[in-house]
Asker: 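Quick one: the structure is below, questions incoming.
Just so it is clear: chains get the letters A, B, ... in the order the sequence lines come, proteins before strands, and each one is counted from 1.
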Amino acid sequence: MTRLSRYLLPTEKQAPADAEAISHKLMVRAGLIRQVGSGMWSWLPAGWRVHRRIEQIIRQEMDAIGAQEMLMPVLQPAELWRKTGRIAIEELFKLTDRKGSELVLAMTHEEVVTSHVAQLVRSYRDLPLVLYHFQVKERDEPRPRAGVLRTREFIMKDSYSFDRDEEGLAHSYELHICAYDRMMERCGLRFYRVASDVGMMGGRSAHEYMAPCPAGENEVALAGSYAANVEVASAQAKPANLPEPLDAPVREHTPGLTTVEEVSSFLGVPASALLKAYPVAVEVQQNVGENDLGGALAGASAGGGQRSAGMRLVLVLVRGDHFVNETKLERALHSRCRPASAEEIESQIGPAGFIGPVGLQGRVQILLDEAVHDGCYVTGGNERDVHLRGVRPGRDFTFDRADVRTVCEGDLVNGIPISIERAIEVGNIFQLGLRYTEPFGARFLDEEGHSRPIWMGCYGIGPARVAAAAVEQYADERGISWPKAISPFDVHIVAIGREGGPERRAADALHEALRSAGFVVICDDRDIGPGQKLADADLLGAPLRLTVGRRALEAGEVEVLMRRGGRRAGGIAIGAGETELADAVRTLWATLP
RNA sequence: CGGGGCGUGGCGCAGCCUGGUAGCGCGCAUGAUUUGGGGUCAUGAGGUCCCCGGUUCGAAUCCGGGCGCCCCGACCA
């Protein structure tokens, strides 16, 4: 029996002063988590129950697709990470032991699992293989935030698939999509599966599982069946409103006017008729073919720097009402890039705030966004206090083209306008391809005895984020409202009245009946006022609340409240036998979200 | 990495400017009262005022250094 009088559930009336996000406030207030340091959190008993229930759902769905659970260490030799080049990642914790050996704290486990597979898998008969574990991940986050949403240490389920060929990988990927869809549904989350950037993992195709909520750090673009992270989303732009074309560019004096807003209002043209010039410094690759290895990982200035051969400038042009998307830009350039420094701009292009594409031929590559259609635009004049009107791409400057802008709300995909929502990334799946198996020499012998590389995928999901997302999505002004599958308790019994009184005896009987029927029950038997108990029950958010007070005893019925929406259900007869009680609750339970 | 803010009992805060016995609300303990929405009363416990150094007769308060934590930004030229 779980009695609140004996349970560590430190609820608080006031949220921590520094909390912003709803989930942060409520999870602390409800006594689920406590902070240890920046980005470091303990899970208190009730919070840990939530975490474990989510884990269990994930575990069941992984097992259901034939994945095998194992466990790999967090502390790892740095050598493994040198092999893949990921030693250069800044978020990777590095340390040395007393002998001076270099170690890392793993942020994911591709290196270890792949090194195992490279050793242990020999034959096509050993494939396909899916391995997973729940393990702590360590990340030196530049900025931990929002309680358990972005932490430096967290538990993640990560699985790794190993296949004979690309088709096998695609199949493993599909299996994971099914498993992940089911996990999300079973956890009761509203979610989107969106196309995403491959990011630091390197590799090929990728999707993210996004739970929409205001505290989310990501934005997703949605249009009908289209769903993509804004970092990679593409869409058809709303048409620009262009002025009459001119035969040649005309100089305009624009003293001190450097922003799109200033220039467009001064010249009386809409922002969409301007070309915004965004100079970036791009890493020059010596050997593009080899790039898949280091790829997006080797930071511009990071140590190792195997193939950086200096920087060159590229002038990116997007419409004045659009924004450059650096993720898409790096993809288009097949290289890391960063905004150019003030010195680089001044020395190679022109005065900051007045730069443009005209007159740069041969000196700086010009990359024109696809949403810039033929017509005459206003651009910087590469001269202080001067802009040019009537600049026409192709006539007045030459360019390369790419889709490098961030989509806007209302842009079209297949004729359907995009909406943009904030969301928490709770899971992600990647087709890694040979990104990790090659460096570790993970190969197998096929039916003909030929050695072939193993095709790999990886798949992560964070139970803590699932929990936080559920809190965000369903909380109301009274507190948390858990989906029934992941609530710390199924039923919260509020026992009003004095200890030893008839209400308490009735509550105990109810507790025992439901417990033996398989429900996880918490009973508030504390010697405090009824208001406090009811408020704590609201805060903790179990889906079903049963109140046993004098009112109930007189009516001969226990009062039932469904937390979501605060709906009252018909009472349950107190005098009924255990079986009848359990059946009544079971019937109600089936109707809960 | 840039900007801003904060560190005083478990939580939320005041006191600091203008140096002089460390306070308030909630919580906690004990007792009484109350028992369907955080009720009431009484008594009580609990603090290295983040740390180190300096100034001073005297530092939570002033000065210097450090540590910790939070928020915003880190594309809009």
Asker: Which one is paired to B/G38, where only Watson-Crick or G-U wobble pairs with both distances under 3.5 angstrom count?
Answerer: none

Asker: Quick one: do A/Arg545 and A/Asp538 make a salt bridge, cutoff under 4.0 Å?
Answerer: yes

Asker: Take atom CD of A/Glu554 and atom C1' of B/U35, then tell me their distance rounded to the nearest Å.
Answerer: 13 Å

Asker: Say we look at B/A42 and B/G25: how far apart would their P atoms be, to the nearest angstrom?
Answerer: 11 Å

Asker: Can you tell me, in whole Å, how much space there is between the P of B/G5 and that of B/G20?
Answerer: 25 Å

Asker: Passes ring pair (Phe, Tyr, Trp, His ring centres under 6.0 Å), A/Trp482 versus A/His492? Steps please.
Answerer: CA-CA 12 Å; A/Trp482 291 109; A/His492 189 133; over 10 Å; no

Asker: Select base, sugar-phosphate, or nothing to describe what A/Gly320 touches, counting heavy atoms under 4.0 Å on all strands.
Answerer: nothing

Asker: In whole Å, what is the span from the NE2 atom of A/His24 to the C1' atom of B/C70?
Answerer: 9 Å

Asker: Rounded to whole angstrom, note down the C1' distance from B/G44 over to B/G36.
Answerer: 31 Å

Asker: May I ask you to decide whether A/Asp525 forms a salt bridge with A/Lys533, counting only side-chain N to carboxylate O separations under 4.0 Å?
Answerer: no

Asker: Answer yes or no: is there an ion pair linking A/Glu559 with A/Arg551, defined by an N-O contact shorter than 4.0 Å?
Answerer: yes

Asker: With rounding to the nearest 0.5 Å, note down the distance linking OG1 in A/Thr379 to CZ in A/Arg392.
Answerer: 14.5 Å

Asker: Rounding to the closest angstrom, what is the interatomic distance between B/A22 and B/G47 at atom P?
Answerer: 13 Å

Asker: Between P on B/C13 and NZ on A/Lys13, what's the gap in Å once rounded to a whole number?
Answerer: 16 Å

Asker: Without decimals, in angstroms, what is the distance between A/Leu561 CG and B/G37 P?
Answerer: 14 Å

Asker: Suppose we define a pair by two distances each less than 3.5 Å, Watson-Crick or G-U wobble; what does B/A60 pair with here?
Answerer: none

Asker: Counting the atoms with a prime plus P, OP1 and OP2 as sugar-phosphate, which does A/Glu503 contact under 4.0 Å by heavy atoms, base, sugar-phosphate, or nothing?
Answerer: nothing

Asker: In whole Å, what is the span from the CD1 atom of A/Ile528 to the C1' atom of B/U34?
Answerer: 14 Å

Asker: With a 3.5 angstrom cut-off on both distances, give the Watson-Crick or G-U wobble partner of B/C6, or none if there isn't one.
Answerer: B/G68

Asker: If B/U21 has a Watson-Crick or G-U wobble mate with both distances under 3.5 Å, name it; if not, just say none.
Answerer: none

Asker: When all nucleic acid strands are considered with a 4.0 Å heavy-atom cut-off, which category describes A/Arg504: base, sugar-phosphate, or nothing?
Answerer: nothing

Asker: Reckon A/Arg29 touches a base, only the sugar-phosphate, or nothing at all at heavy-atom distances under 4.0 Å?
Answerer: base

Asker: Provide the Watson-Crick or G-U wobble partner of B/A29, both distances under 3.5 Å; none if there is no partner.
Answerer: B/U43

Asker: Just how far is it from atom CZ of A/Arg150 to atom CD of A/Glu217, taken to the nearest 0.5 Å?
Answerer: 4.0 Å

Asker: Select base, sugar-phosphate, or nothing to describe what A/Ala552 touches, counting heavy atoms under 4.0 Å on all strands.
Answerer: base

Asker: Could you tell me how far B/U18 sits from B/C13 if I compare only their C1' atoms? Round to whole Å.
Answerer: 22 Å

Asker: Of the options B/C69, B/G37, B/C71, whose atoms approach the side-chain atoms of A/Arg152 most closely?
Answerer: B/C69

Asker: Using a heavy-atom cut-off of 4.0 Å across all strands, would you classify A/Arg545 as base, sugar-phosphate, or nothing?
Answerer: base

Asker: State whether A/Thr406 places a side-chain N or O below 4.0 Å from either non-bridging phosphate oxygen (OP1 or OP2) of B/C75.
Answerer: no

Asker: On a whole-Å scale, what distance lies between the C1' atoms belonging to B/A14 and B/U61?
Answerer: 13 Å

Asker: I'd like to know if A/Glu138 pairs up with A/Arg152 as an ion pair, taking the criterion as any Lys NZ or Arg NE/NH1/NH2 lying under 4.0 Å from an Asp or Glu carboxylate oxygen.
Answerer: no

Asker: Please report the distance, rounded to the nearest Å, between CG in A/Asp527 and C1' in B/A29.
Answerer: 14 Å

Asker: Taking ring pair (Phe, Tyr, Trp, His ring centres under 6.0 Å) as the definition, give me every residue that meets it alongside A/Tyr474, ordered by chain and number, with sequence neighbours left out.
Answerer: none

Asker: Take atom CZ of A/Arg498 and atom P of B/G36, then tell me their distance rounded to the nearest Å.
Answerer: 11 Å

Asker: Reading RNA chain B from 5' onward, which residue's closest nucleotide shows up sooner: A/Met40 or A/Val324?
Answerer: A/Met40

Asker: Given that both distances must come in under 3.5 Å, which nucleotide forms a Watson-Crick or G-U wobble pair with B/A74?
Answerer: none

Asker: Would you mind classifying the nucleic acid contact of A/Ala21 as base, sugar-phosphate or nothing, using non-hydrogen atoms under 4.0 angstrom?
Answerer: nothing

Asker: How close or far is atom P of B/C28 from atom CG of A/Leu8, stated in whole angstroms?
Answerer: 14 Å

Asker: Please state the P separation for the pair B/C67 and B/G46 - nearest whole angstrom.
Answerer: 34 Å

Asker: Using only heavy-atom distances, decide whether a donor-acceptor pair under 3.5 angstrom links the side-chain of A/Gln532 to the base of B/G37.
Answerer: no

Asker: Does a nitrogen or oxygen in the side chain of A/Gln14 sit under 4.0 Å from OP1 or OP2 of B/G25?
Answerer: no

Asker: Select from A/Gln35 and A/Ala277 the residue whose nearest nucleotide in RNA chain B is closer to the 5' end of that strand.
Answerer: A/Gln35

Asker: Give me the distance, rounded to whole Å, that separates B/G19 from B/A60 when you measure between the P atoms they each carry.
Answerer: 13 Å

